[in-house]
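Indexing begins at 1, ligand by ligand and atom by atom, following the structure's order. Computation of the quantities below employed the complete heavy-atom set of this structure, encompassing side-chain atoms and omitting hydrogens, waters and symmetry-equivalent molecules. This chain uses plain numbering: 1 for the first residue, then up along the sequence.
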Amino acid sequence: MEKDADGFYSPAPADEHTDLIKSSFEVSVTLADQQADPNSPLYSAKTFEQLGLHADLLKGIYDMGFSKPSKIQERALPLLLSNPPTNMIGQSQSGTGKTAAFVLTMLSRVDFSKNKTQAICLAPSRELARQIMSVVVAMGKFTPVQTEYAIKDSLPRGTASVSAHIVVGTPGTMTDLLRRKVIDATEVKVFVLDEADNMLDQDGLGDQTLRVKNMLPRTGVQIILFSATFPDHVRSFANKFAPNANKIELQKTEVTVDNIHQFYMDCKNEEHKYDVLVSLYQLLTIGQSIIFCQHRHTADRIAQRMSAEGHKVASLHGAKDASERDAIIDSFREGREKVLITTNVIARGIDILQVNMVVNYDLPLLNERDNWGNKGDSRPDIETYIHRIGRTGRFGRKGISINFVHNKETWAHMEQIEQATGKKITRIETNDLDEMEEQMKKALK
Ligand SMILES: Nc1ncnc2c1ncn2[C@@H]1O[C@H](COP(=O)(O)OP(=O)(O)OP(=O)(O)O)[C@@H](O)[C@H]1O
């Protein structure tokens with residue numbers, strides 16, 4: 001099975017199982033080469049057969065077109081599947097296959113003869129929850145797995161109870177369904193947090209996630225935390241949340257993958273950023289692109305302006321209603337839209353292989369407030385940066401990110417990002433389209 005036009009999995013013609021990574025530019029690197037390179041995060045010495053998976057799940061994996069596990073899958077799966085179940089805190093770069101590791105664990109631990117919820121997975125956005133569900137359904141294709149969403153507007157009004165084996169959702173709706181006993185948690189034995197550092201952050205979803213955990217059985221639940229990033233300030237909470245966990249960790253400088261080439265453009269001012277973005281349009285539409293803004297209103301404003309000037313772009317953010325959000329991301333997955341202007345709502349986890357360019361129209365910032373709630377000095381949000389650029393360069397593919405800087409402050413932010421990630425960010429001139437195209441082609445080769 002390969003991803004269909006919707007970006008979800010569906011059966012592929014037999015001859016389409018190829019290791020060649022497709023891109024709009026000619027690409028010579030093959031996935032097989034990378035999976036044979038011990039320095040690659042995709043490397044594995046083992047086969048899926050050696051990881052102790054059930055035959056029905058192996059069928060699901062091969063049907064998705066996977067041939068070898070990645071490093072995180074090889075290392076995590078034996079630990080995740082061993083008995084007695086042990087908690088896991090797992091870190092691996094963006095786009096290296098963490099989803100399969102936790103989805104296979106949920107599917108392996110479910111007793112399909114019991115119509116009870118046995119695994120719960122939380123993600124920070126409805127878009128990511130829906131994507132994870134598509135992987136559960138694809139990998140579980142040869143099992144009798146029943147699934148249900150816990151995302152806004154997903155259950156018909158008046159649903160009294162859910163008996164699905166696996167429930168995937170966002171923390172607010174999950175809390176609501178557990179509290180109202182629509183989901184019976186008494187038989188839950190696996191609890192997964194994808195993007196765990198974000199889910200546990202006290203400034204973010206931490207409280208809600210803890211509320212969900214407190215409604216699960218006190219013992220006998222295997223807690224699985226996965227992310228590409230685990231900043232120091234959430235590590236200690238993660239250790240408490242998933243006690244005695246097996247840990248797979250990355251060094252700080254290993255967190256970004258080398259196949260994403262990072263650039264910056266020195267814009268004159270805020271308005272010039274818009275002009276530069278418009279001048280990039282042709283390059284943005286060679287493959288697909290995601291443009292990240294700090295605020296919803298910026299995303300809307302840019303999208304409206306560009307549309308009015310005849311460019312085809314879409315915008316997506318958390319202020320849109322659920323059905324509209326689903327339609328926009330589905331349309332982008334299908335490739336009907338090539339440029340998506342958005343906020344941090346889809347900075348994490350979203351896996352669309354055709355995305356070969358990410359633009360940080362605004363660099364991501366931490367919400368710094370002093371004790372009185374006033375805005376203090378701004379600092380770049382390094383983790384969000386890493387996740388944003390990780391929307392390209394999925395599973396060994398090449399990708400490009402471009403940061404727009406336009407004043408002293410944004411320059412300083414970019415330098416801090418460069419320092420923290422240990423990766424060079426190369427300048428591209430804003431006024432030389434040919435050179436820009438050349439650089440980009442080189443980066444994608
Ligand atoms: N063993 C494999 N062989 C081939 N493709 C794989 C394999 N494992 C995962 N993939 C593919 O790699 C892509 C990235 O996987 P996934 O979305 O799980 O990454 P991730 O590590 O969760 O990234 P992020 O940190 O951004 O959430 C997906 O398209 C997935 O189908």
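Scanning Ala347, Gly95, Ala101 for the heavy atom closest to atom 24 (P) of ligand 1 points to Gly95.
Under a 4.0 angstrom heavy-atom cut-off, Ser92 registers as lying outside contact with ligand 1. Residue-ligand proximity: Phe48 is placed with a non-hydrogen atom under 4.0 Å from ligand 1.
Near Thr99, the atoms of ligand 1 lying under 4.0 angstrom from a non-hydrogen atom of the residue are 16 (P), 17 (O), 18 (O), 22 (O). In summary, the atoms of ligand 1 found under 4.0 Å from a heavy atom of Arg391, numbered by their order in the structure, are 26 (O). Interface of Glu195 with ligand 1, defined as ligand atoms under 4.0 Å from a residue heavy atom, comprises 27 (O). Counting atoms of ligand 1 from 1 in the listed order, those under 4.0 Å from a heavy atom of Gln93 are 21 (O). Which parts of ligand 1 touch Leu353 is read off a 4.0 Å heavy-atom cut-off, strictly below it: atoms 29 (O). For ligand 1, the atoms lying closer than 4.0 Å to a non-hydrogen atom of Ser94 are 23 (O), 24 (P), 25 (O), 26 (O).
Residue Lys68 has at least one N or O atom closer than 3.5 Å to an N or O atom of ligand 1. Considering backbone and side-chain N/O atoms, Gly97 comes within less than 3.5 Å of an N/O atom of ligand 1. Considering backbone and side-chain atoms together, Ser67 places no N or O closer than 3.5 Å to any N or O of ligand 1. Between Arg394 and ligand 1, at least one N/O pair is under 3.5 Å apart. Taking any N or O of Thr96, backbone or side chain, at least one lies under 3.5 Å from an N or O belonging to ligand 1.
Residue Arg348 is tested with Glu127, Glu195, Glu383 for a salt bridge (Lys or Arg N to Asp or Glu O under 4.0 Å); the sole match is Glu195. Residue Ile223 forms a side chain to side chain contact (heavy atoms under 4.5 Å, CB included) with just one option from Asn87, Leu216, Ile89, and that option is Asn87.
Of all heavy-atom pairs between Glu337 and Phe332, the closest is O-CD1, 3.2 Å. Smallest separation of non-hydrogen atoms from Gln118 and Lys114: NE2-O, 3.2 Å.
When non-hydrogen atoms are compared, ligand 1 lies under 4.0 Å from the side chain of Gln73 (C-beta onward) but not from its backbone.
Gln419 CD: 12 or fewer foreign heavy atoms inside a 6.0 Å radius. Around the NZ atom of Lys152, the shell of radius 6.0 Å holds no more than 12 heavy atoms that belong to other residues, nucleotides or ligands. Heavy atoms of other residues, nucleotides or ligands lying less than 6.0 angstrom from CG of Asn244 number 12 at most.
In this pair, Tyr281 and His311 present their aromatic rings tilted. The plane angle is within the 30 to 60° band. The aromatic rings of His297 and His295 sit parallel, their planes meeting at an angle under 30°, below the 60° perpendicular limit.
Using modelled atom types and a 3.5 Å distance limit, the side chains of Thr47 and Gln50 yield a donor-acceptor pair.
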